[in-house]
Amino acid sequence: IEKVGKCDKSFARTALQDLEQALKHVNASIRISTNLNNLASVVSSHLQAGDIEALAMRWSLRLENVDGAFSHCETACWHFDQGLQSPVPVDDLQLLDSKIKTLHTLCSWAVENNVKNDSGRFHLRFVAALDRAEETVKTLSLIPPEAGKGFGELLIVMGDICEMKKKILEALQFYENAIELEPDNADAHAAAADVLLDEGRDKVHSATESNERMVAVELLR
């Protein structure tokens, strides 16, 4: 998706058709593996199906099909949850990573395109997606960062979710944790700077006393 640039709509529709065909095969795999009681294969197929739905979500956004994007996101999360609920040992981190990044992509798009302020059904679906993302952040917070490679990127995503929920201090903590874990991660430094800048500006504008202004100036500094 990143490589095709601004593709024409026929390209995106073809991609969605291919993904739909892939899903038919994966869903068939889930049914067969379930009948054979091969639960490990079921989990693997749910992860694969979730990733396919996440890709379909992104292509739907390219087509400005907001309804389709939300539907694909919701189905992707359902597949990831099915994998997480499996009675057999699974790689929880991989499933949670895919789930939170799918939700983060959609919620970020919704914020950038002002869907969050829409009073219609998309607003409600955005709120539901953001709430689900926050719950996933809480679960991920129980996993020690050293448990997974590239956890710094995941911490940034978790911080972004908290920022969207207006939980600024929690967001900053995730960004600072990412910096501690990966000092050379430029995105983590940029995210921490952005959240401090926004918070400092808000406090400057709302300050009515000198001590409040001092706090704001310190945040900006």
Side-chain angles (χ1 to χ4, degrees), residues 1-24 26-27 46-85 95-141 153-168 170-171 174-175 187 191 194-195 198-199 202:
I1 292 176
E2 285 79 5
K3 293 180 179 179
V4 296
K6 292 184 177 180
C7 62
D8 59 45
K9 291 188 176 181
S10 63
F11 190 100
R13 291 193 189 98
T14 300
L16 280 168
Q17 290 171 359
D18 291 343
L19 290 171
E20 184 180 353
Q21 186 66 22
L23 276 170
K24 289 179 181 178
V26 175
N27 286 328
H46 274 302
L47 175 61
Q48 189 177 23
D51 286 340
I52 293 171
E53 290 283 2
L55 277 171
M57 173 195 75
R58 295 171 69 191
W59 279 116
S60 295
L61 292 176
R62 277 296 186 94
L63 286 171
E64 298 179 353
N65 180 1
V66 182
D67 188 55
F70 273 103
S71 295
H72 285 301
C73 180
E74 289 155 6
T75 306
C77 289
W78 180 85
H79 280 292
F80 296 139
D81 287 341
Q82 290 299 303
L84 290 165
Q85 294 165 15
L95 286 157
L96 289 167
D97 180 277
S98 294
K99 181 180 177 182
I100 194 69
K101 286 178 179 175
T102 300
L103 288 162
H104 177 259
T105 297
L106 184 63
C107 290
S108 297
W109 179 90
V111 169
E112 290 169 6
N113 289 271
N114 216 31
V115 171
K116 66 172 185 174
N117 295 325
D118 179 13
S119 59
R121 58 197 173 102
F122 292 138
H123 170 74
L124 295 177
R125 294 176 83 174
F126 163 72
V127 171
L130 192 53
D131 286 344
R132 177 176 266 180
E134 185 182 28
E135 286 300 315
T136 310
V137 167
K138 291 177 182 177
T139 304
L140 277 164
S141 298
E153 180 188 358
L154 197 54
L155 287 168
I156 296 170
V157 169
M158 293 160 71
D160 288 349
I161 297 297
C162 290
E163 195 173 349
M164 284 186 244
K165 292 289 289 186
K166 306 300 182 185
K167 296 184 177 181
I168 303 303
E170 289 183 31
F174 280 123
Y175 296 146
D187 290 336
D194 282 342
V195 76
D198 290 342
E199 184 72 356
D202 287 344

### Task
Decide yes or no for Glu163 and Asp198: does some side-chain heavy atom of the first lie under 4.5 Å from some side-chain heavy atom of the second?
yes
#### Entry: Listed partners of Lys167 passing salt bridge (Lys or Arg N to Asp or Glu O under 4.0 Å), at least two apart
Glu134
### Message
Once side-chain contact (heavy atoms from CB on, under 4.5 Å) is applied, do any residues pair with Leu61, and if so which ones, sequence neighbours excluded?
### Response
Ala69, Leu106, Trp109
### Task
May I have all residue pairs that pass side chain to side chain donor-acceptor pair (under 3.5 Å) and include part of residues 11-23, sequence neighbours excluded?
none
## Note on the structure
In this structure, CG of Leu19 is separated from NE2 of His72 (nearest 0.5 Å) by 8.0 Å
### Query
Ala76 and Gly50: which non-hydrogen atoms are nearest, and at how many Å?
CB-O, 3.5 Å
### Query
Do the side chains of Phe80 and Thr102 get nearer than 4.5 Å, heavy atoms only?
yes
### Task
Find out whether Phe70 and Ser60 are in side-chain contact, i.e. whether some heavy atom of one side chain is under 4.5 Å from a heavy atom of the other.
no
### Message
Could you go through Leu16 and Leu63, starting from their C-alpha distance and side-chain angles, then the distance that decides it, and tell me whether this counts as side chain to side chain contact (heavy atoms under 4.5 Å, CB included)?
### Response
CA-CA 10 Å; Leu16 280 168; Leu63 286 171; 3.5 Å; yes
### Message
Suppose we screen for salt bridge (Lys or Arg N to Asp or Glu O under 4.0 Å). Which residues come up paired with Glu74, at least two apart in sequence or across chains?
### Response
Arg125
### Summary
Thr105 meets the side-chain hydrogen bond (donor to acceptor under 3.5 Å, both in side chains) criterion, sequence neighbours left out, with none
### Query
About how many Å separate CG of Asp51 and OG of Ser98, when rounded to the nearest 0.5 Å?
4.5 Å
### Task
Answer whether the closest heavy-atom distance between the side chains of Phe126 and Val111 falls below 4.5 Å.
yes
### Message
My understanding is that only residues two or more places apart in sequence, or in another chain, count here; which of them pass side-chain hydrogen bond (donor to acceptor under 3.5 Å, both in side chains) with Asp131?
### Response
Lys165
### Query
Could you give the distance from CG (Asp202) to CD1 (Ile168), rounded to the nearest 0.5 Å?
8.0 Å
### Min side-chain heavy-atom separation Cys77-Glu53 under 4.5 Å
no
## Note on the structure
Rounding to 0.5 Å, atoms CG (Leu96) and CD1 (Ile100) come to a distance of 8.5 Å
### Message
Applying side-chain hydrogen bond (donor to acceptor under 3.5 Å, both in side chains), can you list everything that pairs with Glu170, at least two apart in sequence or on another chain?
### Response
none
### Query
Strictly by modelled atom types, are Tyr175 and Asp160 linked by a side-chain donor-acceptor pair under 3.5 Å?
yes
### Residues which pass side-chain contact (heavy atoms from CB on, under 4.5 Å) with Gln85, listed by chain and number, not counting sequence neighbours
Asp81, Gln82
### Task
May I ask you to test the Phe122-Asp67 pair for a side-chain heavy-atom distance under 4.5 Å?
yes
### Summary
By salt bridge (Lys or Arg N to Asp or Glu O under 4.0 Å), Glu153 pairs with (sequence neighbours left out) Lys101
### Task
Using the test salt bridge (Lys or Arg N to Asp or Glu O under 4.0 Å), find all partners of Lys138 that sit at least two apart in sequence or belong to another chain.
Glu135
## Note on the structure
Those residues at least two apart in sequence (or on a different chain) that pass ring-ring contact (aromatic ring centres under 6.0 Å, His included) with His79 are His46
#### Entry: Separation between CG of Asp97 and OG1 of Thr136, rounded to the nearest 0.5 Å
11.0 Å
### Query
Which residues satisfy the side-chain contact (heavy atoms from CB on, under 4.5 Å) test with Ala129, sequence neighbours excluded?
Leu103, Cys107
### Task
Search all heavy atoms of Asn65 against all heavy atoms of Gly68 and return the closest pair with its distance.
OD1-N, 2.9 Å
### Spatial distance of atom CD1 (Ile52) from atom CG (Asn27) [nearest 0.5 Å]
8.5 Å
